[in-house]
Every structure is written in C-alpha cells, then in structure tokens.
Peer 1: 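Structure in structure tokens, see below.
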Amino acid sequence: IMSDNRDSFNAMRPEALIPTLRDSVYANRFPGNNKVVYTFFNTGASVENVEVLAVKHKQNVHYVDLLNHKEVDTETRSGFDYLTLSLGKEDATCVAQLPKAFKVRRIGSSLTGTVAARHTHSPRASLLKVKRTDRAVECTKVDETGVTGGEFRFDISAGDVSGGDVDCVVQLFDDAVLLDELPLQP
C-alpha cells in the first residue's frame with residue numbers, strides 16, 4: 001500500500017490525528033496530488049457499519065478500502081462525505097479518496113472499459129492490473145495492460161482471475177503509482 005501510494009505518503013504534508021466521528025477511532029491524513037490516503041486505528045470495541053469520518057465533498061471521487069479492496073459506503077450531506085466503516089477492536093485499515101479515473105465492467109471472460117486520458121501522464125507508464133482479492137497472497141496472478149486513455153479490453157480467461165465467480169480488483173497505475181481502483185464482485 002505504501003509503495004503504490006508513495007505520492008501521498010511521501011508528500012511531506014501528513015496530518016496526524018485528524019478529528020473523527022468516533023472517540024475510539026484515530027485517523028491520519030496523507031494528501032497527494034490527486035488523491036488522499038487515510039489510515040484508521042480503532043482502540044475501542046468493534047464498530048460495525050458506522051460513520052467514522054466526515055470529509056469535505058469533492059466531485060468525481062470515490063473511497064476505497066485499500067486493505068480489503070472494497071468500496072467504502074459514503075453518504076453526502078451538507079457538503080460532506082460521511083465514510084462508513086467496520087473496524088474490530090484494535091483493528092486498522094487504510095482508505096483512499098481516489099478520482100474516478102476509469103470505468104470497467106466484466107463481460108464473460110473479458111474486462112472492458114474506458115480511461116479518462118486526463119488521468120494518465122505517460123502512455124508507456126499507464127497500466128491496468130487485475131488481481132484476485134480472496135487470497136492471502138498479495139498477487140496470485142496479475143494481468144497487466146498498457147493504456148493511454150480511451151477504451152480498453154483485455155482477456156481474463158486464463159489463470160486465477162478467470163470466470164465470474166471470484167472477486168477481483170482492477171487498478172490503474174501511472175508511473176507505478178495508484179491512480180484509481182475498482183473492486184469487481186462476481
């Protein structure tokens with residue numbers, strides 16, 4: 001996570017112990033160029049599906065739990081996005097506010113989608129990765145395809161991410177830095 005998001009973690013503008021909506025949940029904020037990474041730690045009893053953070057609303061972004069590769073439930077009210085998380089006792093997670101840089105959908109054994117060209121800086125460095133999310137292993141199989149903006153399509157029929165019965169995550173990188181991530185459920 002730290003390597004994929006080094007643009008935020010190395011920006012030298014961290015904000016420690018930002019205010020949260022739960023006394024037992026602590027958060028840190030790491031702003032990057034086009035995204036913000038938040039780390040959370042719960043020191044109290046387990047919390048299930050509760051609002052833990054209010055973030056000033058920003059258009060065309062979404063929130064992804066980078067540890068679990070899941071979209072974070074949010075509700076926008078009065079100009080703020082309220083992030084809902086579940087955290088066990090002494091549990092931690094990492095959430096990123098990411099630009100909606102691409103769209104993707106699974107059709108049989110293929111993924112199709114579009115990438116907004118404004119989100120890629122170098123055509124040779126822009127990369128899509130697809131991996132399973134149900135394994136303890138970091139990457140059991142990674143399919144990598146270069147993208148430059150516009151439409152893309154690639155085959156996932158071979159290997160661990162094939163079929164429609166596994167959760168996958170599709171990640172867009174530029175110069176080896178995560179730009180956006182979309183979890184795909186079967």
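All values below were derived from every heavy atom in this structure, side-chain atoms included, with hydrogens, water molecules and symmetry-related copies excluded. Here the structure is a predicted model, which means the values were calculated and not measured.
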Peer 1: Using the rule that two of Ile, Leu, Val, Met, Phe, Trp, Tyr join whenever any of their side-chain heavy atoms come within less than 4.5 Å, decide whether V64 and L67 are in one cluster.
Peer 2: yes
Peer 1: Which heavy-atom pair separates S46 from G88 by the least distance, and what is that distance?
Peer 2: OG-CA, 3.4 Å
Peer 1: Rounded to the nearest 0.5 Å, what separates atom CG in L85 from atom CD in E48?
Peer 2: 11.0 Å
Peer 1: Rounded at 0.5 Å granularity, tell me how far OG1 in T84 sits from CD in E75.
Peer 2: 7.5 Å
Peer 1: Is there side-chain contact between V25 and L87, with at least one heavy-atom pair below 4.5 Å?
Peer 2: yes
Peer 1: Within this structure, what is the CD-OH distance for the pair E181 and Y63, rounded to the nearest 0.5 Å?
Peer 2: 15.5 Å
Peer 1: Answer whether the closest heavy-atom distance between the side chains of T43 and E90 falls below 4.5 Å.
Peer 2: no
Peer 1: When you group the ILVMFWY residues by side-chain heavy-atom contacts below 4.5 Å and let the links chain together, are F40 and L66 in the same group?
Peer 2: no
Peer 1: Restricting to non-hydrogen atoms, name the atom on S24 and the atom on N42 that form the minimum distance, rounded to 0.1 Å.
Peer 2: OG-OD1, 3.0 Å
Peer 1: Supply the atom-to-atom distance K100 NZ to N60 CG, rounded to the nearest 0.5 angstrom.
Peer 2: 6.5 Å
Peer 1: Answer whether the closest heavy-atom distance between the side chains of D180 and H62 falls below 4.5 Å.
Peer 2: yes
Peer 1: Output the distance between atom CD (Q171) and atom CG (L179), rounded to the nearest 0.5 Å.
Peer 2: 11.0 Å
Peer 1: Please give me the minimum heavy-atom distance between P99 and N34, naming the atom from each residue.
Peer 2: CD-O, 3.3 Å
Peer 1: Could you see if I18 belongs to whatever hydrophobic cluster contains V55? Use Ile, Leu, Val, Met, Phe, Trp, Tyr and a side-chain cutoff under 4.5 Å.
Peer 2: yes
Peer 1: For E15 and P31, work out which heavy atoms get closest and say how close.
Peer 2: OE2-CG, 4.3 Å
Peer 1: May I ask whether L182 and L172 are part of the same hydrophobic cluster, defined by side-chain heavy atoms of I, L, V, M, F, W, Y residues being less than 4.5 angstrom apart, directly or through others?
Peer 2: yes
Peer 1: Among residues at least two apart in sequence or on other chains, which ones pass ring-ring contact (aromatic ring centres under 6.0 Å, His included) with F9?
Peer 2: F30
Peer 1: For residues I1 and N5, report the shortest heavy-atom separation together with the two atoms involved.
Peer 2: O-ND2, 2.9 Å
Peer 1: Is there a path of hydrophobic side-chain contacts, each under 4.5 Å between heavy atoms, that joins L21 and F80?
Peer 2: yes
Peer 1: Are the side chains of P14 and N28 in contact, using a 4.5 Å heavy-atom criterion?
Peer 2: no
Peer 1: Between E51 and R77, is the closest basic N to carboxylate O distance under 4.0 Å?
Peer 2: yes
Peer 1: What distance do L53 atom CG and T74 atom OG1 have between them, rounded to the nearest 0.5 Å?
Peer 2: 11.5 Å
Peer 1: Using modelled atom types and a 3.5 Å cut-off, is there a donor and acceptor pairing between side-chain atoms of S86 and backbone atoms of N49?
Peer 2: yes
Peer 1: Where do K35 and D4 come nearest, in terms of heavy atoms and distance?
Peer 2: NZ-O, 3.8 Å
Peer 1: My understanding is that a hydrophobic cluster links ILVMFWY residues whose side chain heavy atoms are under 4.5 Å apart, including indirect links. Using that, what else belongs to the cluster containing Y26?
Peer 2: L17
